[in-house]
Protein chains: 2
Amino acid sequence: MKQIGSNPRTHLIPEASLRRLPIYYRSLQEMKVAGVSQVSCADLARVLGLDPTQVRKDIEMTGIVGKPRVGYLLGELVLWIENFLGWNRPKEAVLVGAGSLGSALLGYEKFRSHGMQIVAAFDIDPEKIGQRIHGREVQPLMFLPDFVRQRKTPVGVIATPAAAAQPVTDLMVAGGIRAIWNFAPAHIQVPEGVILQNEDLYHSLASLSFKLETKMPVTPAENGNSYAEDN
Amino acid sequence: MKQIGSNPRTHLIPEASLRRLPIYYRSLQEMKVAGVSQVSCADLARVLGLDPTQVRKDIEMTGIVGKPRVGYLLGELVLWIENFLGWNRPKEAVLVGAGSLGSALLGYEKFRSHGMQIVAAFDIDPEKIGQRIHGREVQPLMFLPDFVRQRKTPVGVIATPAAAAQPVTDLMVAGGIRAIWNFAPAHIQVPEGVILQNEDLYHSLASLSFKLETKMPVTPAENGNSYAEDN
DNA sequence: TAGATTGTTAATCGATTAACAATC
DNA sequence: TAGATTGTTAATCGATTAACAATC
């Protein structure tokens with residue numbers, strides 16, 4: 001019997017697989033509501049129009065052990081995914097940039113059940129400072145390093161204009177932030193060991209615009225095309 | 001001499017390369033402002049902390065021909081990228097879902113110079129209908145199919161709750177939309193031939209959360225880690 | 001000319017897909 | 001038992017990286 005709670009695969013976790021788990025997770029939640037109690041990778045693949053082998057590989061990554069001919073207990077699989085991703089252990093986050101996007105992000109309550117909780121918002125604009133947005137008061141940016149240091153906040157979310165992204169990053173890093181989720185359209189540099197996740201809409205726009213224009217084939221990508229409904 | 005304006009490579013365009021072009025593009029714009037007139041792939045790689053070979057491969061994709069020992073004329077390279085991505089030929093788009101995220105998206109004026117222009121907004125909520133957001137009046141969702149059909153709008157942007165995503169998709173497709181940019185946290189199905197670009201924050205949250213917790217290595221991904229500053 | 005950079009071809013590496021044995 | 005599904009190993013495919021010749 002394999003170790004429970006630890007991952008069976010010592011090798012390497014494909015980023016693309018990580019990003020597919022939420023898709024399965026969501027389908028499972030829906031099935032649960034519909035009263036389903038057991039599920040196989042084949043079921044998931046069918047519902048989502050994905051390749052069954054790929055689904056199985058991704059699910060195995062979580063370390064869950066299934067039953068041949070049956071699949072997995074739905075509730076258990078949900079728990080394994082949550083545990084594997086760390087979604088059952090939300091990390092605190094600070095957000096910088098209380099503009100329209102930042103405000104929208106502050107309103108996503110579901111983040112908490114998906115591994116992250118934004119506990120404070122910062123901005124440099126005196127107009128914004130002191131405002132309450134979705135229950136959090138916007139603080140002066142200069143307070144950020146101390147806040148992060150004292151509270152040991154692991155995550156920083158950047159929703160500033162491009163020009164502010166690098167300076168804000170540096171502040172976060174100085175405070176000991178371990179991961180940065182960057183929504184600013186800027187290429188920022190972080191020291192080795194700091195996790196950086198870019199959410200640059202212009203990257204997507206490049207892909208979308210290109211595909212719309214051309215008849216040139218583009219290789220399918222993790223967050224690109226889904227499959228046609230053909231079954 | 002190669003054909004000008006057409007792509008030299010008949011093969012296959014890697015999605016990841018498409019998504020990197022905006023990074024170069026942005027650096028080039030900054031260099032331009034700084035008065036630089038010539039640039040090599042090596043220069044770009046140095047500034048961005050990326051692999052020079054990769055930068056060269058990506059740049060070549062646009063079809064531009066450079067000069068050995070010199071590189072490219074900066075202004076020309078910018079134009080080649082714009083033309084390759086179609087950023088100089090903005091496509092019209094409709095947006096559905098005038099919530100906080102939708103409103104934020106309506107405020108991104110830069111979209112127009114990056115291949116896309118949101119020309120109308122729709123919602124199903126009577127409270128929202130009639131409101132003006134960044135100069136566009138929110139229309140009833142039921143008007144969408146006719147609008148899209150008459151105006152031949154190629155792009156649909158979805159910023160609705162998850163439950164609305166598939167029905168809205170179906171409306172868009174019925175109206176003849178050719179590409180969908182989906183911000184709703186939902187796996188939607190589109191007919192073959194319709195381009196789908198998902199912008200699901202929970203996918204990123206999965207990756208971020210996992211990396212924060214574990215010492216397990218994750219394969220580097222297109223929109224993941226940048227390089228450490230080490231030069 | 002010398003040498004840096006382009007353009008191109010080959011090697012490597014990893015993700016996806018296929019094949020198949022084990023099992024309930 | 002028969003057969004569907006898991007778990008695992010191998011094959012394929014494509015992106016990244018390396019090597020090198022051409023060129024200004």
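Values below: every heavy atom of this structure, side chains too, minus hydrogens, waters and symmetry copies. The chains referred to below are lettered A, B, ... by the order of the sequence lines, with proteins before strands, and numbering in each begins at 1.
Looking at the side chain of B:D51, the nearest of the listed nucleotides D:dA18, D:dG7, D:dA15 is D:dA18. When the nucleotides C:dG7, C:dT17, C:dA15 are ranked by their closest atom to the side chain of A:T53, C:dT17 comes out on top. Distance from the side chain of A:P68 is smallest for C:dC24 among the nucleotides D:dG7, C:dT16, C:dC24. For B:E60, whose side chain is taken as the heavy atoms from C-beta onward, the closest listed nucleotide among D:dG7, C:dT17, C:dG7 is C:dG7.
Under the side-chain contact (heavy atoms from CB on, under 4.5 Å) test applied with B:I158, the options B:N182, B:L95, B:V94, B:N198 reduce to a single match, B:N182.
Contact check, A:R20 against C:dT16: a side-chain N or O comes under 4.0 Å of OP1 or OP2. Between D:dG7 and A:Y72, a contact under 4.0 Å exists linking OP1 or OP2 to a side-chain N or O. Side-chain nitrogen and oxygen atoms of B:Q54 include none within less than 4.0 Å of the OP1 or OP2 phosphate oxygen of D:dA15.
The partner of D:dA15 is C:dT12, judged by Watson-Crick or G-U wobble contacts that both fall below 3.5 Å. The pairing partner recorded for C:dA4 is D:dT23, the criterion being a Watson-Crick or G-U wobble arrangement whose two distances lie under 3.5 angstrom.
Here the two rings, on A:W87 and A:Y25, have centers that are under 6.0 Å apart.
Going from atom CZ of A:F84 over to atom CG of A:D58 covers 9.5 Å, rounded to the nearest 0.5 Å.
Crowding of A:E109 atom CD: a count of heavy atoms from other residues, nucleotides or ligands under 6.0 Å not exceeding 12.
Across the interface with DNA chain C, nearest-nucleotide mapping of B:G66 and A:V70 shows B:G66 to be the residue nearer the 5′ end.
Between the side chain of B:K67 and the base of D:dT23, no donor-acceptor pair of N or O atoms lies under 3.5 Å. For B:K57 and D:dT17, a side-chain-to-base donor-acceptor distance below 3.5 Å is present, hydrogens and geometry of angles not being considered.
As rounded to whole Å, 14 Å separates atom P of D:dA18 from atom CG of B:L50. Computed from coordinates, the B:R56 CZ to D:dT16 C1' distance equals 13 Å when rounded to whole Å. Taking atom CD1 of residue B:I59 and atom P of nucleotide C:dG7, one finds them 10 Å apart after rounding to whole Å. Rounded to an integer number of Å, the gap from A:E15 CD to C:dA15 P is 10 Å. In this structure, B:R19 atom CZ and D:dA15 atom P are separated by 14 Å, rounded to whole Å. Atom CG in B:D58 sits roughly 7 Å away from atom P in D:dT16 (whole-Å rounding). In this structure, A:M61 atom CE and D:dT8 atom C1' are separated by 17 Å, rounded to whole Å. Here C:dT6 presents its P atom at 13 Å from CG of B:L73, a figure rounded to the nearest Å.
No donor-acceptor contact under 3.5 angstrom links the side chains of A:R56 and A:T53, judged on distance only.
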